[in-house]
Number of protein chains: 2
Amino acid sequence: MHEKVMNIGTVRELTGLSERQIRYYEEKQLIFPRRSKGGARKFSFEDVERLKEIHMKMKDGFRTFDLRKSAAGTLKLDSGRS
Amino acid sequence: MHEKVMNIGTVRELTGLSERQIRYYEEKQLIFPRRSKGGARKFSFEDVERLKEIHMKMKDGFRTFDLRKSAAGTLKLDSGRS
DNA sequence: CGTGTAAGGAATTCTGACACG
DNA sequence: CGTGTAAGGAATTCTGACACG
């Protein structure tokens with residue numbers, strides 16, 4: 001399910017996040033939607049799952065920087081702050 | 001993949017069909033997209049596959065009525081016309 | 001830092017209709 | 001019958017900014 005086919009409105013419904021949050025997470029490099037001709041973001045089901053995960057981490061007090069995928073492709077779950 | 005999440009534009013890209021054709025096939029009861037609040041059609045990947053199948057059958061000379069799913073849930077592939 | 005909102009514009013989708021055949 | 005198109009409207013999405021803290 002990596003086909004990026006959903007508009008942000010559908011992602012909002014599926015994740016419960018606001019469009020503002022979704023766009024902000026993209027700005028912070030946490031997700032990478034594609035763009036349609038007209039410039040609309042297109043997301044995959046994987047993006048939706050990742051957003052749900054991000055949402056939970058954020059509620060646990062993580063910052064967007066901590067959630068960015070490392071070069072190794074794994075999640076940085078603890079940046080050392082206390 | 002039965003979640004109906006794609007707008008008609010995405011389905012157009014994925015199937016190569018025109019929006020007119022997609023809407024017509026819905027009118028003829030060949031597919032059943034859901035509607036968003038604002039009235040926009042939302043399709044699933046299954047709908048996309050079904051549309052591709054419909055497209056091939058149409059090229060083979062079938063009529064929309066012949067392609068409507070029967071009560072048994074199977075495709076009527078030959079209505080008896082010759 | 002993370003998120004809400006009002007602002008204005010651009011792209012998307014919708015319906016009903018006329019056309020052709 | 002199946003599909004193209006122009007028409008006008010409504011809903012969607014986009015960006016950049018101001019706000020708060």
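The basis for the numbers below is simple: all heavy atoms, side chains too, and nothing from hydrogens, waters or symmetry mates. Each chain gets a letter, A, B and so on, in the order its sequence line appears, and its residues count up from 1.
- Using a 4.5 Å cut-off on side-chain heavy atoms (C-beta onward), B:M58 and B:T64 make contact.
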Extract all donor-acceptor atom pairs below 3.5 Å that involve side chains of residues 40-47 of chain B and protein atoms in other chains or at least two apart in sequence.
residue : atom : partner : partner atom : Å
B:R41   : NH1  : B:E26   : OE1          : 2.4
B:K42   : NZ   : A:T10   : OG1          : 3.1
B:K42   : NZ   : B:N7    : OD1          : 2.8
B:S44   : OG   : B:E46   : N            : 3.3
B:S44   : OG   : B:D47   : N            : 3.1
B:S44   : OG   : B:D47   : OD2          : 3.2
B:E46   : OE2  : B:H2    : ND1          : 3.3
B:D47   : OD1  : B:K4    : NZ           : 3.1
B:D47   : OD2  : B:K4    : NZ           : 2.7
B:D47   : OD2  : B:S44   : N            : 2.9

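- Scanning all heavy atoms of the two residues, the minimum distance from A:I31 to A:I22 falls at CD1-O, 3.7 Å.
- Atom-to-atom, CG of A:L17 to C1' of C:dG2 comes out at 12 Å; the value is rounded to the nearest Å.
- Distance check, rounded to the nearest 0.5 Å: CD1 of B:I54 to CG of B:L30 gives 4.0 Å.
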**Asked** Could you spell out the base pairing of DNA chain C in dot-bracket, with Watson-Crick or G-U pairs whose two distances are under 3.5 Å, [ ] crossing and | to another strand?
**Response** .||||.||.|.|.||.||||.
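- Contact check, B:Y24 against D:dT3: no side-chain N or O comes under 4.0 Å of OP1 or OP2.
- Proximity of A:R63 to A:K28: side-chain heavy atoms (C-beta onward) are nowhere separated by under 4.5 Å.
- Going from atom CE of A:M56 over to atom NZ of A:K52 covers 9.0 Å, rounded to the nearest 0.5 Å.
- With rounding to whole Å, A:K28 atom NZ is found 11 Å from C:dT3 atom P.
- Following rounding to the nearest Å, B:R20 (CZ) and D:dG2 (P) show an atom-to-atom distance of 11 Å.
- Distances were taken from every side-chain heavy atom of A:R63 (C-beta onward) to each of D:dT3, D:dC18, C:dG2; the shortest belongs to C:dG2.
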**Message:** Does the protein touch nucleotides 8-15 of chain D at the base, only the backbone, or not at all? Give it as B, S and - per nucleotide, heavy atoms under 4.0 Å.
**Reply:** ---SSSBB
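- Between A:E13 and B:V5, every side-chain heavy-atom pair lies at or beyond the 4.5 Å cut-off.
- Atom P of nucleotide D:dG2 and atom CG of B:D60 are separated by 14 Å, given to the nearest angstrom.
- Distance A:K59 NZ to C:dG2 C1': 15 Å, rounded to the nearest Å.
- Between the NE2 atom of A:H55 and the C1' atom of C:dG2 there is a distance of 13 Å, rounded to whole Å.
- Look at A:Y25 and you won't find any side-chain N or O under 4.0 angstrom from OP1 or OP2 of C:dG2.
- Rounded to the nearest 0.5 Å, atoms CZ (A:R12) and CE (A:M6) are 13.5 Å apart.
- Look at CD on A:E27: it is 15 Å from C1' on C:dG4, rounded to the nearest Å.
- A:Y25 OH to A:R20 CZ: the interatomic distance, rounded to the nearest 0.5 Å, is 10.5 Å.
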